[in-house]
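Heads up: numbering here begins at 1 and tracks the sequence.
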Amino acid sequence: MKIVLSPDPMLRQRAEECEPGDPSLKRLSKRMARTMYNNDGCGLAAPQVGVLKRIIVIDCDTESETQNPITLVNPVIVETAGEPEVAEEGCLSLPGISVPVKRPPYARVRYYDVDGNECEIAGDGLLGRCLQHEIDHLDGKTLFESCDPIARIKALRDYDAAIAAGARPGQTAIN
């Protein structure tokens, strides 16, 4: 699968609900996970690979060498908590840059797994941030819309320079 890069209009569209338990979601999630790992990502939303479906894959386990992706179908944030923190975020669809984004550190999300079972996941730190970031993608929101206006101007300028320099998905800076 190929990563869709900004400013592709696909990234600004709201993704459609999936049918929980749809057998095609297993194959899609495996392909998405492979694409995420091949590009050194910790999360990937279906619109980022050209599929307007509400499905994401994540793997925020930075400690283990084992790949253990979690697939979330029709994820919904049911709670965020904590004092919002600003942290740099990268995005496979915006290679070559990182953007300061203010988010609550904790998120709790309800979703369906690929077998159609209702599940819940909660986490803070990288997992909390990743969940919020990927669900933003399902709503047609990129890092450019997630940061403050001054950071957006800098990010747009930096992104143009990064693309001109040949930035590839998975890179968060160009040397």
Side-chain angles (χ1 to χ4, degrees), residues 1-15 32-33 35-63 69-70 72 75-109 111 121-175:
M1 301 184 96
K2 187 175 178 192
I3 302 287
V4 174
L5 301 181
S6 182
D8 192 302
M10 169 91 48
L11 297 173
R12 301 294 303 276
Q13 296 180 48
R14 182 173 170 77
M32 287 174 60
T35 301
M36 176 183 72
Y37 291 125
N38 287 344
N39 289 280
D40 298 321
C42 63
L44 184 68
Q48 291 181 273
V49 290
V51 179
L52 276 177
K53 296 281 187 186
R54 295 189 75 78
I55 182 171
I56 63 176
V57 292
I58 59 170
D59 186 350
C60 295
D61 182 358
T62 57
E63 306 280 316
I70 301 168
L72 293 82
V76 176
I77 296 173
V78 292
E79 178 188 13
T80 58
E83 188 66 34
E85 302 168 350
V86 175
E88 295 287 323
E89 292 185 21
C91 179
L92 295 177
S93 291
L94 282 75
I97 65 169
S98 57
V99 180
V101 177
K102 188 175 189 176
R103 297 188 192 275
Y106 173 86
R108 186 166 55 95
V109 173
Y111 67 98
I121 187 171
D124 57 9
L126 178 60
L127 177 58
R129 188 167 284 276
C130 183
L131 289 165
Q132 293 172 72
H133 176 112
E134 299 308 330
I135 291 171
D136 278 353
H137 275 300
L138 300 181
D139 294 330
K141 186 176 181 183
T142 70
L143 287 180
F144 294 135
E145 293 80 38
S146 298
C147 63
D148 72 51
I150 300 298
R152 181 178 305 124
I153 292 167
K154 182 182 182 319
L156 287 165
R157 189 178 313 121
D158 290 350
Y159 181 63
D160 286 344
I163 292 299
R168 311 269 313 149
Q171 294 178 314
T172 56
I174 295 294
N175 297 333

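- With a 4.5 Å cut-off on side-chain heavy atoms, His137 and Ile56 do not count as touching.
- Taking the side chain to side chain donor-acceptor pair (under 3.5 Å) definition, one finds that Glu79 meets it with Arg108, sequence neighbours left out.
- Considering all non-hydrogen atoms of both residues, Cys91 and Leu143 come closest at CB-CD1, 3.7 Å.
- Closest of all the heavy-atom pairs between Met10 and Pro47 is CG-O, 3.5 Å.
- Residues that satisfy the ring pair (Phe, Tyr, Trp, His ring centres under 6.0 Å) test with Phe144, not counting sequence neighbours, are Tyr159.
- Separating the CG atom in Leu72 from the CG atom in Leu138 is a distance of 9.5 Å, to the nearest 0.5 Å.
- For Arg14, the side chain to side chain donor-acceptor pair (under 3.5 Å) partners two or more places apart in sequence, or in a different chain, are Asp139.
- The nearest pair of heavy atoms linking Pro104 to Gly82 is CB-O, 4.0 Å.
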Take Ser93 and Thr142 through the test side chain to side chain contact (heavy atoms under 4.5 Å, CB included) and record every step on the way to the result. CA-CA 9 Å; Ser93 291; Thr142 70; over 6 Å; no
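- For the side-chain contact (heavy atoms from CB on, under 4.5 Å) test, residues two or more places apart in sequence or in another chain that qualify with Ala167 are Pro95, Ala162, Gln171, Ile174.
- Of all heavy-atom pairs between Val99 and Ala155, the closest is CG2-CB, 3.9 Å.
- Ile77 contributes atom CD1, which lies 4.0 Å from atom CD1 of Ile135 (distance to the nearest 0.5 angstrom).
- For Ser6, there are no side chain to side chain donor-acceptor pair (under 3.5 Å) partners, not counting sequence neighbours.
- In this structure Asp61 satisfies the side-chain contact (heavy atoms from CB on, under 4.5 Å) test together with Asp59, Glu63, Ser64, sequence neighbours excluded.
- Considering CE of Met32 and CD1 of Ile55, their distance stands at 5.5 Å, rounded to 0.5 Å.
- Applying the ring pair (Phe, Tyr, Trp, His ring centres under 6.0 Å) definition to pairs two or more places apart or across chains, none involves residues 80-105.
- For Thr172, there are no side chain to side chain donor-acceptor pair (under 3.5 Å) partners two or more places apart in sequence or in a different chain.
- Across all non-hydrogen atoms, the minimal contact from Gly140 to Glu145 is O-OE1, 4.4 Å.
- Rounding to the nearest 0.5 Å gives a distance of 12.5 Å between CE of Met1 and CE of Met36.
- When all heavy atoms of Ser146 and Val101 are compared, the pair lying nearest together is O-CG1, 3.7 Å.
- For Lys154, the side-chain contact (heavy atoms from CB on, under 4.5 Å) partners are Asp158, not counting sequence neighbours.
- Note that the CD1 atom of Ile121 and the CD1 atom of Ile70 stand 4.0 Å from one another [nearest 0.5 Å].
- Listed by first then second residue, pairs satisfying side chain to side chain donor-acceptor pair (under 3.5 Å) with a partner in residues 81-90 read Glu88-Ser98, Glu89-Arg103, Glu89-Arg129, Glu89-His133, not counting sequence neighbours.
- Distance CD/Gln132 to OG1/Thr80: 6.0 Å, rounded to 0.5 Å.
- Every side-chain contact (heavy atoms from CB on, under 4.5 Å) that Asn39 has, sequence neighbours left out, goes to Ile3, Thr35, Leu92, Pro169.
- Residues satisfying the salt bridge (charged side-chain N to carboxylate O under 4.0 Å, His left out) test with Arg152, not counting sequence neighbours, are none.
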